[in-house]
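Numbering starts at 1 and runs along the sequence shown. Just so it is clear, the values below take in all heavy atoms, side chains as well, and ignore hydrogens, waters and symmetry mates.
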Amino acid sequence: MLGLKLLTDPRWADIAERNLEEILTDHAWCEQKAATNAITMIAYNSEHDEFIQEMSDIAIEEMQHFKMVVEIIERRGYKLGRERKDDYVGQLMKFCKKDGSRNMAFVDRLLFAAMIEARSCERFRTLSQNIKDEELAKFYYDLMVSEANHYTTFLNFARKLSTDVDVDKRWKEWLDFEGKLIQSYGNKEAIHG
């Protein structure tokens with residue numbers, strides 16, 4: 001799925017379902033960070049008109065997702081906890097190239113975002129297929145579709161806006177890196193944990 005080297009063990013959904021308040025809080029903050037990432041990419045790459053429009057749409061959609069998750073949290077009598085550190089995303093960020101051209105850094109930031117969206121999509125699929133909570137199973141199925149669209153958008157922009165990067169080669173490097181990285185995750189109630 002999405003070229004990922006390792007799929008999530010379905011038993012991770014059991015871990016998530018045992019503490020829905022925690023997984024929902026973590027998920028809400030993931031959506032907020034995704035919106036922030038889209039806004040930040042606009043600020044640093046404002047010369048691309050079509051890109052600005054697409055990132056604006058993604059930022060708005062991610063904040064809508066944040067709001068939807070917060071509404072589920074409140075409806076269930078939970079509290080939105082403090083922002084969670086996402087070690088998985090931190091490890092991916094370290095893989096981003098920062099010592100090449102401006103375009104190389106931009107393309108890698110797009111691939112970084114595509115990777116997070118791909119893994120989020122795959123995790124939402126795992127939740128939609130394996131949790132017993134029918135409301136959340138449907139909710140995560142709907143979000144899976146959205147995340148797949150975001151993944152495609154980021155990957156397509158990397159290919160379209162690259163001037164000095166072999167995007168397919170670099171994407172393969174990202175997939176290989178993430179395939180090794182994800183082996184250390186999937187054992188706690190966090191979207192990427």
Side-chain angles (χ1 to χ4, degrees), residues 1-40 58-59 61-96 111-151 154 174-193:
M1 180 179 183
L2 307 166
L4 297 173
K5 301 290 184 185
L6 182 66
L7 299 182
T8 300
D9 185 322
R11 291 176 292 186
W12 169 77
D14 296 333
I15 295 169
E17 197 161 26
R18 281 196 294 270
N19 192 345
L20 290 176
E21 185 170 11
E22 181 61 30
I23 193 76
L24 289 167
T25 290
D26 181 71
H27 177 195
W29 289 114
C30 287
E31 298 291 354
Q32 181 273 328
K33 290 172 195 170
T36 300
N37 183 59
I39 293 165
T40 300
I58 286 177
E61 189 173 350
E62 298 288 17
M63 283 309 296
Q64 289 170 338
H65 294 169
F66 173 81
K67 187 173 189 248
M68 291 163 63
V69 177
V70 169
E71 287 170 353
I72 291 171
I73 288 169
E74 290 172 352
R75 247 191 346 265
R76 290 172 178 237
Y78 302 149
K79 294 283 184 201
L80 175 66
R82 304 284 299 173
E83 180 182 355
R84 305 304 197 248
K85 180 179 183 241
D86 193 329
D87 184 64
Y88 167 84
V89 171
Q91 293 301 316
L92 287 180
M93 180 58 80
K94 290 178 185 176
F95 190 68
C96 283
L111 296 178
F112 162 81
M115 182 57 67
I116 294 169
E117 297 289 346
R119 181 53 67 186
S120 297
C121 176
E122 189 270 340
R123 287 287 170 100
F124 292 164
R125 178 177 178 263
T126 300
L127 287 171
S128 74
Q129 293 177 341
N130 294 286
I131 61 174
K132 296 168 190 71
D133 186 303
E134 291 181 19
E135 176 194 13
L136 290 180
K138 180 177 181 340
F139 177 67
Y140 281 112
Y141 177 83
D142 292 342
L143 287 186
M144 173 190 72
V145 173
S146 176
E147 300 299 306
N149 289 332
H150 296 171
Y151 151 80
F154 285 114
W174 271 99
L175 289 168
D176 291 342
F177 175 78
E178 199 272 351
K180 292 181 184 101
L181 176 65
I182 200 64
Q183 292 176 26
S184 301
Y185 296 89
N187 54 13
K188 65 180 184 175
E189 57 281 283
I191 295 300
H192 302 124

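When all heavy atoms of Ala137 and Ser128 are compared, the pair lying nearest together is O-CB, 3.3 Å. In plain terms, the two heavy atoms of Ile73 and Ala28 that are nearest each other are CD1-CB, 4.4 Å. Taking each heavy atom of Asp26 and Ile191 in turn, the nearest pair found is OD2-N, 2.7 Å. Shown here for Trp12 and Ala190, the closest heavy-atom pair between the two residues is CZ2-O, 3.2 Å. Shortest non-hydrogen contact noted between Val69 and Phe139 is CG2-CZ, 3.7 Å. Taking all atoms of both residues into account, the shortest heavy-atom contact from Leu175 to Gly3 is CD2-O, 3.4 Å.
The main-chain N or O of Gly81 is found under 3.5 Å from a side-chain atom of Trp29 such that the two form a donor-acceptor pair. Without hydrogens or angle criteria, Asn130 side chain to Ala13 main chain gives no donor-acceptor distance under 3.5 Å. No donor-acceptor pair closer than 3.5 Å links the side chain of Trp174 to the backbone N or O of Phe112. Of the possible donor and acceptor atoms, one in the side chain of Arg84 sits under 3.5 Å from a partner among the backbone N and O of Arg82. Judged purely by atom type and a 3.5 angstrom limit, Glu178 has no side-chain atom pairing as donor or acceptor with the backbone of Leu4.
Note on Lys5 versus Asp176: salt bridge recorded, some NZ/NE/NH1/NH2 to OD/OE distance being below 4.0 Å. Between Asp133 and Arg76 there is a salt bridge, since a side-chain N of the basic residue sits under 4.0 Å from a carboxylate O of the acidic one. Under a 4.0 Å N-O distance rule, the pair Glu71/Lys67 qualifies as a salt bridge.
Contact of the Ile72 side chain with the Leu136 side chain is registered, since non-hydrogen atoms from C-beta on lie closer than 4.5 Å. Two residues are said to be in side-chain contact when any heavy atoms from C-beta on lie closer than 4.5 Å; Lys33 and Glu83 meet this criterion. Between Phe154 and Ile58 there is a side-chain heavy-atom pair separated by less than 4.5 Å. In this structure the side chain of Thr25 never reaches within 4.5 angstrom of the side chain of Tyr78, judged on heavy atoms. At least one side-chain heavy atom of Leu20 sits under 4.5 Å from a side-chain heavy atom of Glu17.
Rounding to the nearest 0.5 Å gives a distance of 11.5 Å between CD1 of Ile182 and CD of Gln91. Here CE of Met115 is found 6.0 Å from OH of Tyr88. Values are rounded to the nearest 0.5 Å. A distance of 7.5 Å separates OG of Ser146 from CD of Glu31, quoted to the nearest 0.5 Å. Here the straight-line distance linking atom CE of Met144 with atom CG of Asn149 works out to 10.5 Å at 0.5 Å rounding. Once rounded to the nearest 0.5 Å, the distance linking NE2 of His192 with OH of Tyr185 reads 11.0 Å. Rounding to the nearest 0.5 angstrom, the gap separating the CZ atom in Arg125 from the CD atom in Glu122 is 7.5 Å.
Phe177 pairs by the side chain to side chain contact (heavy atoms under 4.5 Å, CB included) definition with Leu92, Phe95, Leu181, not counting sequence neighbours. Among residues two or more places apart in sequence or in another chain, the side chain to side chain contact (heavy atoms under 4.5 Å, CB included) test is passed with Ser184 by none. For Arg18, the side chain to side chain contact (heavy atoms under 4.5 Å, CB included) partners at least two apart in sequence or on another chain are Asp14, Ile15.
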Decide side-chain contact (heavy atoms from CB on, under 4.5 Å) for Glu189 and Glu21; before the verdict, give the C-alpha distance in whole Å, the side-chain angles of both, and the deciding distance to 0.1 Å.
-> CA-CA 9 Å; Glu189 57 281 283; Glu21 185 170 11; over 6 Å; no

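Checked against a 6.0 Å centroid threshold, the rings of His27 and Tyr140 count as neighbours.
If you check the side chains of Gln32 and Thr36, you find a donor sitting under 3.5 Å from an acceptor.
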